[in-house]
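Numbers here simply count residues along the sequence, with the first being 1. What you are looking at is a predicted structure, and each value in this text was computed from that prediction instead of being measured. Below, all heavy atoms of this structure are taken into account, side chains as well, without hydrogens, waters or symmetry copies.
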Amino acid sequence: MKKSVLFGAMTVAGVAAGVASAGTLDDVKARGKLNCGVTTGLVGFAAPDANGEWEGFDVGVCRAVAAAVLGDATAVEFVPTTGKTRFTALASGEIDVLARNTTWTFSRDVDLKFEFVGVNYYDGQGFMVPKELGVSSAKELDGATVCIQTGTTTELNLADFFRSNNMSYEPVPIETNAEAQQQYLAGACDVYTTDASGLASTRATFETPADHVLLPEIVSKEPLGPLVRHGDSEWGDVVRWTLNALITAEELGVSSANIADMSAAAGDNPEINRLLGTEGTLGEMLGLEADWAKKAIMAGGNYAELFEKNIGETTPIGLARGLNAQWTDGGLLYSPPFR
């Protein structure tokens, strides 16, 4: 088993190294379309609407990258991936970037040869149970059956938590969030565990969300963010600084509502001017147009706009900013300067 896992990791790494040498930025420009890997469906983060159009927080990052590179936020092919297939899809070149609730870990960064370009959501693993189960703490789950997505950090965290608390559990393996929801509601498992944001998203789709409880324990660190292949630094820079542009725009008060006026002429804030391309050569450094960041921000708004529209407290998912608040507001959200 260990040899099989090691061989799989080496294969993914080898494929990634080979594909990266092609130059993804040039490929995307020539193709005229960004291939973005997303989840198979997680409301608020990435899911098709009634018309088949993909929308969500992670989708917004993909559209921002497409706008920055191609000048068209709709020039995206969304490729659904599972916990098992996502890394192979990226390594093989089927997708250009993976924006799929994926945790930045040492082994994924180093051993699988991927490059995480930043964090767009700081999360942690939690537990959801039916209210009728009468459980108020994850430490009361000894002997429980647990629905858990395979190929995820969630599996390892779950094992660590139960072992450290001297408890046992019976795993119910599932591959997609839709399957987890079906199994959980059918009573095939007592508990569903995944990132707390994913639990909130899933519960929001239930007919009676109030019948289900998110337990207080958060048992891991899950810094979620987009990733690309190792060995293609030029492309990594584009995706990284597009995400940073959305974060910086919020910090500097640049939004989809005022960006047209703010970019019409250079203002008094030099960093805003550099961000919007009215002065400096940041776009040229990336191999993009001077107004690349302006296009990225206009695609769906700054970080706050994307957050509030898709997963914020006024949505059915109802997530507070918490750790995902700007560093100036006590959160962890922080972009290096545009200079």
Side-chain angles (χ1 to χ4, degrees), residues 5 8-9 12-13 16 36-42 44-46 56-62 79-91 95 97-128 138 146-162 164 171 173-177 180 192-202 214 217-230 236 239-240 243 247 303 307 310-311 317 319 321-324 331-334:
V5 171
V12 168
C36 189
V38 291
T39 180
T40 52
L42 186 63
F45 285 90
F57 188 62
D58 287 332
V59 166
V61 173
C62 299
V79 181
T81 63
T82 67
K84 285 186 175 181
T85 64
R86 54 185 165 173
F87 298 129
T88 302
L90 180 58
I95 57 177
V97 59
L98 179 64
R100 187 204 173 278
N101 304 81
T102 298
T103 303
W104 188 347
T105 70
F106 182 100
S107 59
R108 290 171 176 177
D109 193 317
V110 178
D111 191 35
L112 295 188
K113 305 302 181 186
F114 295 125
E115 182 176 353
F116 286 79
V117 300
V119 176
N120 72 326
Y121 193 90
Y122 291 93
D123 210 346
Q125 183 173 330
F127 301 88
M128 178 168 63
V146 184
C147 281
I148 184 168
Q149 291 189 50
T150 56
T152 65
T153 57
T154 313
E155 288 183 290
L156 304 177
N157 297 333
L158 180 68
D160 287 349
F161 176 76
F162 273 78
S164 63
I174 46 93
E175 288 198 25
T176 67
N177 189 66
Y192 179 30
T193 183
T194 188
D195 299 335
S197 63
L199 294 177
S201 173
T202 300
L214 301 185
E217 286 85 1
I218 298 296
V219 300
S220 69
K221 294 183 296 183
E222 306 293 331
L224 310 177
L227 56 154
V228 298
R229 293 176 288 273
H230 264 188
V239 181
R240 175 182 300 106
L243 174 60
I247 295 171
Y303 182 93
F307 191 103
N310 294 291
I311 57 177
I317 297 169
L319 295 175
R321 287 292 292 267
L323 295 177
N324 296 289
L332 297 178
L333 210 63
Y334 186 105

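Under the ring pair (Phe, Tyr, Trp, His ring centres under 6.0 Å) criterion, Tyr122 pairs with no residue, sequence neighbours left out. Partners of Glu155 by side-chain hydrogen bond (donor to acceptor under 3.5 Å, both in side chains), not counting sequence neighbours: none found. The ring pair (Phe, Tyr, Trp, His ring centres under 6.0 Å) search around Tyr303 returns Phe57, not counting sequence neighbours.
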Pair Tyr121-Leu319, side-chain contact (heavy atoms from CB on, under 4.5 Å): steps then yes or no: CA-CA 11 Å; Tyr121 193 90; Leu319 295 175; 3.4 Å; yes
Worked verdict on Thr105 versus Asp109 for side-chain contact (heavy atoms from CB on, under 4.5 Å): CA-CA 6 Å; Thr105 70; Asp109 193 317; over 6 Å; no
side-chain contact (heavy atoms from CB on, under 4.5 Å) between Leu42 and Thr39, worked out: CA-CA 7 Å; Leu42 186 63; Thr39 180; 3.8 Å; yes
Verdict with supporting geometry, Thr176 and Gln149, side-chain contact (heavy atoms from CB on, under 4.5 Å): CA-CA 7 Å; Thr176 67; Gln149 291 189 50; 5.6 Å; no
Audit row: Thr85, Thr82, side-chain hydrogen bond (donor to acceptor under 3.5 Å, both in side chains) steps and yes/no: CA-CA 5 Å; Thr85 64; Thr82 67; 3.2 Å; yes
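No hydrogens or angles considered: nothing links the side chains of Asn177 and Thr40 as a donor-acceptor pair under 3.5 Å. In this structure, a donor-acceptor pair under 3.5 Å is present between the side chains of Thr103 and Glu222.
In this structure, the separation between OG on Ser220 and CG on Asp195 is 7.0 Å, given to the nearest 0.5 Å. In this structure, CD1 on Ile317 lies 8.5 Å from OG on Ser197, to the nearest 0.5 angstrom. Atom-to-atom distance recorded for Leu323:CG and Leu332:CG is 5.0 Å, nearest 0.5 angstrom.
In plain terms, the two heavy atoms of Gln125 and Thr193 that are nearest each other are NE2-OG1, 2.9 Å. Closest of all the heavy-atom pairs between Pro226 and Asn120 is CD-OD1, 4.2 Å. Of all the heavy atoms in Arg229 and Leu90, the pair that sits closest is NH1-O, 2.5 Å. Closest of all the heavy-atom pairs between Cys147 and Ala180 is SG-O, 4.5 Å. In terms of heavy-atom proximity, Val228 sits nearest to Gly236 at CG2-CA, 3.9 Å. Closest approach of Ile218 and Ala196 over heavy atoms only: CD1-CB, 3.9 Å.
A cation-pi arrangement is present between Arg321 and Phe307, with the terminal nitrogen or guanidinium carbon under 6.0 Å from the aromatic centre and inside a 45° cone about the axis.
Looking at Trp104, Phe106, Phe87 one by one, the single match for ring-ring contact (aromatic ring centres under 6.0 Å, His included) with Phe114 turns out to be Phe87.
Between the side chain of Ser201 and the backbone N or O of Leu199 there is no donor-acceptor pair closer than 3.5 Å. A side-chain donor-acceptor contact under 3.5 Å links Thr202 to the backbone of Gly198.
If you look at Phe127 and Tyr192, their ring centroids are not closer than 6.0 Å.
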